[in-house]
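Structure first, then comments.
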Amino acid sequence: NFVLLLPPADSTKPFNLDKITFQKRNLTIREFVVEICQLAGMEFRVDDNALTIYPPGGLDTARKAEPKPKPVGAAADFASELIIPRINFEEVTLQEAVDFLNQKAKELTKDGPVFPIVLDAKADPKAKVQEIRIKNAPLSAALQYVTEASGHTWTANDKELRIMGK
């Protein structure tokens with residue numbers, strides 16, 4: 001997983017969001033990340049979960065997202081326990097992503113209960129999901145990525161996983 005934390009909107013520190021042309025070969029992944037971060041004016045760290053690229057001065061200078069309440073209920077438990085082996089979305093609609101995730105949930109659950117992912121009336125089924133590529137992630141993480149990428153939120157109860165418009 002790659003995480004990119006942007007500097008605060010009022011930041012005066014230099015930060016390069018322009019396209020970077022990179023013409024080097026035979027680099028290790030670490031050398032590549034170091035070079036990209038230097039060109040973009042960023043820093044990075046690697047932990048068990050992700051490679052995180054963040055503004056100079058540390059993670060405390062990054063924009064902080066409002067903490068969201070964690071979905072609860074039987075459907076939320078289902079979503080956190082069901083592991084999707086591979087997701088490769090590129091230029092798909094929210095509806096296409098939901099259809100794929102529902103299909104995978106049915107395939108992977110076998111004989112157990114399946115909690116459907118449904119779109120709320122305020123959700124935009126045509127919203128675009130540009131690109132998501134993950135392996136061996138829980139359905140809940142996939143839902144989080146899809147909803148963030150499409151400008152939506154999600155919740156759960158004892159019957160379903162629901163994607164809502166913001």
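Since this is a predicted model, take the numbers as computed values, not measurements.
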Can you name the residues that form a salt bridge (Lys or Arg N to Asp or Glu O under 4.0 Å) with E131, not counting sequence neighbours?
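Checked E131 against salt bridge (Lys or Arg N to Asp or Glu O under 4.0 Å); matches are R133.
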With sequence neighbours left out, the residues meeting salt bridge (Lys or Arg N to Asp or Glu O under 4.0 Å) with E160 are R162
State, with a plain yes or no, whether a side-chain heavy atom of [X] is found less than 4.5 Å away from one of [Y].
X    : Y    : answer
L119 : Q95  : yes
D120 : I163 : no
V98  : I117 : yes
L94  : P125 : no

All side-chain contact (heavy atoms from CB on, under 4.5 Å) counterparts of [X], not counting sequence neighbours:
X    : value
Q130 : E91, K128
V34  : R30, Q38, F44
D77  : E81
A156 : P71, A75, A76, W154, L161

Taken to the nearest 0.5 Å, the spacing of R86 CZ from N136 CG works out to 8.5 Å
- With sequence neighbours excluded, give me every side chain to side chain donor-acceptor pair (under 3.5 Å) pair touching residues 102-118.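 Found Q103-E107, K104-E107.
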Using modelled atom types and a 3.5 Å cut-off, is there a donor and acceptor pairing between side-chain atoms of [X] and backbone atoms of [Y]?
X    : Y    : result
E35  : F32  : no
D158 : A74  : yes
H152 : D124 : yes

Here the ring pair (Phe, Tyr, Trp, His ring centres under 6.0 Å) pairs for residues 69-95, sequence neighbours left out, are F78-F115, F89-F100
Same cluster or not: are [X] and [Y] linked, directly or through other Ile, Leu, Val, Met, Phe, Trp or Tyr residues, by side-chain heavy atoms under 4.5 angstrom apart?
X    : Y    : answer
I132 : L108 : yes
L39  : V33  : yes
L143 : I83  : no
M164 : V146 : no
I36  : L51  : yes

With sequence neighbours left out, the residues meeting side-chain hydrogen bond (donor to acceptor under 3.5 Å, both in side chains) with N88 are none
Nearest heavy-atom approach of S140 to S80 is OG-CA, 3.5 Å
Check: Could you go step by step and tell me if I87 and L101 meet the side chain to side chain contact (heavy atoms under 4.5 Å, CB included) rule?
Finding: CA-CA 9 Å; I87 297 171; L101 294 173; 3.8 Å; yes
